[in-house]
Amino acid sequence: MTEIDYGIKDIIENFNIMNKNINEEDLKVLVHYIKETIKKDYRLVESSALLLNTLIQGKGIKYIVELGSEILNNPVILVDSAYKVIAHSKKAEIEEKFWKENIEKGYCSYEFIKEVKKIKEVKQAPNSNYPFVVTCYASPIKKMVSKVIIDHRCMGNIIVLESKKNFDEESFKLLKTLSDVISEKLDKNGNYKNLKGLMYENLFLDLLEGNIKNENILKERAMSCDFNLNKDYFIFCVQLSKIEEKNKLKNLYSFIQEKFLNFKTVYYKENFIVLIDKIDMSIIEDEDIKTILNKNNVYVGISDFFSDIINMKKYYNQSLFALKNHKNYDDNLIKYSDFKVLDLIYNIKDKINLKDFCQNSVYKLIEYDKNKNTEYFETLKSYLKNNMNMIETAKSMYLHRNTLAYRINKIKDIIDYDLNDGDKNFEIYFTIKIIEEIK
């Protein structure tokens with residue numbers, strides 16, 4: 001006999017003492033009811049324990065969803081707030097064609113989302129993870145849905161399809177437990193820390209990961225989150241990983257979030273990324289932003305302008321390249337455009353001999369500096385960098401203008417160029433960049 005049977009035997013004996021004249025048939029019905037109730041409670045406790053134990057064991061989301069499907073004896077699908085499919089149980093068990101298509105694509109189509117939002121049960125669903133049943137005119141299969149709630153915000157939905165077992169009270173309780181477990185897992189999982197309930201964020205994350213390569217898919221997902229693809233943007237990337245003090249990091253993060261409240265932002269690989277419309281370029285000249293960046297010794301990488309959003313990853317990498325090579329940069333706002341030549345050199349240096357593309361006259365200048373202990377190479381570099389502006393060059397090198405004028409004339413004699421030829425100046429500046437890279 002099991003523990004349940006012993007428990008029921010005690011109940012019967014006590015009941016017989018109190019009710020000696022009870023009908024035997026009624027007693028059998030009562031016993032059966034008690035036995036089934038205890039069994040249900042036992043199964044519920046056991047299944048809940050299995051789900052909760054996945055957190056202790058450190059199991060992944062896919063494992064938890066698969067286990068939830070086995071316990072509920074029905075297919076389970078987990079989508080985030082942008083209707084991207086995060087995990088699902090075995091494909092073979094999912095019979096509904098709409099969900100088969102969504103799983104195949106990895107996200108729900110714009111038309112599908114639009115129709116879902118019209119469903120009465122979805123519109124009236126409370127902001128809690130208590131399950132509710134959804135019926136759809138387009139499908140005979142009932143669904144039970146539970147929201148994934150983190151910090152009082154809906155981060156996604158768990159959908160159970162009534163395919164193998166009819167929904168009952170136990171199904172509702174188990175789905176709620178599954179939702180609690182998944183919410184806890186997502187809250188602690190760094191891969192999902194960006195899910196703030198804003199639909200465009202997941203689109204950005206997929207673009208930054210290079211997961212979207214089809215223009216039609218991009219257009220459909222952009223439409224779903226009301227994102228305008230027909231604009232010029234640039235990426236403003238703040239490297240938060242460089243800040244070691246937690247209080248400083250928290251204060252800076254809060255400041256940036258508040259300052260860019262009206263812009264589309266996403267947190268990705270310890271970087272705070274802002275996508276800024278070209279017409280709002282003036283935001284980067286904001287004195288408050290400059291002050292707090294300077295105060296915290298934090299640099300920002302700024303990409304080129306772009307309209308091909310599908311290549312967002314490329315422009316994000318531009319901002320990172322600028323940040324990586326910002327040494328001796330006077331400003332905290334580092335523009336990739338100032339490092340394009342260097343990026344070109346990085347990309348070709350392993351394929352060709354860079355010295356073959358250098359102007360020999362620059363090497364003559366370096367040799368002259370070495371023999372005469374002069375600084376003509378640095379002077380020429382600064383002069384070209386400042387667009388041959390004598391005042392700005394003198395200021396940046398802390399030289400008197402007459403001293404600079406003497407040096408420039410001397411440089412012209414050594415390299416045998418008058419420095420008024422734009423093409424020659426580019427060749428010289430390109431050579432300087434190559435020499436710096438070789439060093």
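Small disclaimer: the values here were computed from a predicted structure and weren't measured.
Within 6.0 Å of atom CD in Gln57, more than 12 heavy atoms from other residues, nucleotides or ligands are found, so the atom counts as buried in its surroundings. When the shell of 6.0 Å around NZ of Lys295 is examined, it contains 12 or fewer heavy atoms from other residues, nucleotides or ligands. Residue Glu209 places its CD atom among more than 12 non-hydrogen atoms of other residues, nucleotides or ligands, all under 6.0 Å distant. For Asn347, the CG atom is densely surrounded, since the number of other residues' heavy atoms within 6.0 Å is greater than 12. Within a 6.0 Å sphere centred on OH of Tyr406, other residues, nucleotides and ligands contribute 12 heavy atoms or fewer. Within 6.0 Å of CG in Asn371 there are more than 12 heavy atoms belonging to other residues, nucleotides or ligands. By the 6.0 Å contact criterion, NZ on Lys62 is open, its count of non-hydrogen atoms from other residues, nucleotides or ligands being 12 or less.
The ring of Tyr363 has its center no closer than 6.0 angstrom to the ring center of Tyr368. Ring centroid separation for the pair Tyr268 and Tyr316 comes in under the 6.0 Å cut-off. In this structure, Tyr200 has its ring center no closer than 6.0 Å to that of Phe227. Aromatic rings from Phe236 and Phe272 are positioned such that their centres are separated by 6.0 Å or more.
For Asn127 (side chain) and His152 (main-chain N/O), a donor-acceptor pair under 3.5 Å exists by modelled atom type. No side-chain donor-acceptor contact under 3.5 Å links Thr54 to the backbone of Leu50. A donor-acceptor pair is defined here as one N or O able to donate and one able to accept, closer than 3.5 Å; such a pair exists between the side chain of Thr379 and the backbone of Glu375. Side-chain atoms of Asp277 never come within 3.5 Å of backbone atoms of Asp280 as a donor-acceptor pair (strictly under, hydrogens ignored).
With 3.5 Å as the limit, one finds a donor-acceptor pair spanning the side chains of Tyr315 and Asp308. At a cut-off of 3.5 Å, with distance as the only test, no side-chain donor of Ser89 or Glu66 sits close to an acceptor on the other residue. Neither side chain, Asn389 nor Tyr383, offers a donor N or O lying under 3.5 Å from an acceptor on the other. A side-chain donor from one of Ser171 and Asp168 sits under 3.5 Å from a side-chain acceptor of the other.
Taking CG from Asp187 and CD1 from Ile182, the interatomic distance works out to 13.5 Å, rounded to the nearest 0.5 Å. The structure places OH of Tyr336 at 10.5 Å from CG of Asn325, a figure rounded to the nearest 0.5 Å. To the nearest 0.5 Å, atoms NZ (Lys91) and CD1 (Ile77) are separated by 11.5 Å. Here Tyr130 contributes atom OH and Ser146 contributes atom OG; the two are 10.0 Å apart, rounded to the nearest 0.5 Å.
With a 4.5 Å cut-off on side-chain heavy atoms, Asn296 and Ile292 count as touching. Side-chain contact between Val238 and Asn271 is absent, with no heavy-atom pair separated by less than 4.5 Å. For the pair Asp80 and Met155, the minimum side-chain heavy-atom distance is 4.5 Å or more. Side chains of Gln124 and Phe132 form no contact here, defined as non-hydrogen atoms less than 4.5 Å apart. Annotation: side chain of Tyr417 is not in contact with side chain of Asn420 (no heavy-atom distance under 4.5 Å). The shortest side-chain heavy-atom distance between Lys185 and Lys59 does not fall under the 4.5 Å cut-off. Residues Asn129 and Val148 are not in side-chain contact: their nearest non-hydrogen atoms beyond the backbone lie 4.5 Å or more apart. Taking the side chain as every heavy atom from C-beta outward, Asn74 and Phe167 approach each other to under 4.5 Å.
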Let me see the working for Ile86 and Val79 under side-chain contact (heavy atoms from CB on, under 4.5 Å), right down to the final yes or no.
CA-CA 5 Å; Ile86 297 177; Val79 298; over 6 Å; no
**Request:** Determine, stepwise, if the pair Ser382 / Ser396 fulfils side-chain hydrogen bond (donor to acceptor under 3.5 Å, both in side chains).
**Result:** CA-CA 8 Å; Ser382 181; Ser396 66; 3.1 Å; yes
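A salt bridge links Lys340 to Asp304: at least one charged side-chain nitrogen sits closer than 4.0 Å to a carboxylate oxygen. In this structure, Glu95 does not pair ionically with Lys100, as no charged nitrogen and carboxylate oxygen lie closer than 4.0 Å. A salt bridge links Glu115 and Lys118; the closest N-O separation between the charged side-chain nitrogens and carboxylate oxygens is under 4.0 Å. The existence of a salt bridge linking Lys84 and Asp206 is confirmed by a sub-4.0 Å separation between a basic side-chain nitrogen and an acidic carboxylate oxygen. Ionic pairing of Glu378 and Lys381 is present here: one or more N-O contacts between side-chain nitrogen and carboxylate oxygen are shorter than 4.0 angstrom.
Applying the side chain to side chain contact (heavy atoms under 4.5 Å, CB included) test between Leu203 and each of Arg221, Met312, Lys264 identifies Arg221 as the sole match. Of the options Asn425, Thr393, Ile408, a side chain to side chain contact (heavy atoms under 4.5 Å, CB included) to Met388 is made by Asn425 and by none of the others.
Under the rule for a side-chain contact (heavy atoms from CB on, under 4.5 Å), the partners of Lys219 that lie at least two apart in sequence or sit in another chain are Leu229. Under the rule for a side-chain hydrogen bond (donor to acceptor under 3.5 Å, both in side chains), Asn53 has no partner lying at least two apart in sequence or in another chain. Legend: residues meeting salt bridge (Lys or Arg N to Asp or Glu O under 4.0 Å) with Glu93, ordered by chain and number and at least two apart, are Lys164.
Stacking of Lys433 on the aromatic ring of Phe430 is not recorded, the 6.0 Å distance cut-off and the 45° axial limit not both being met.
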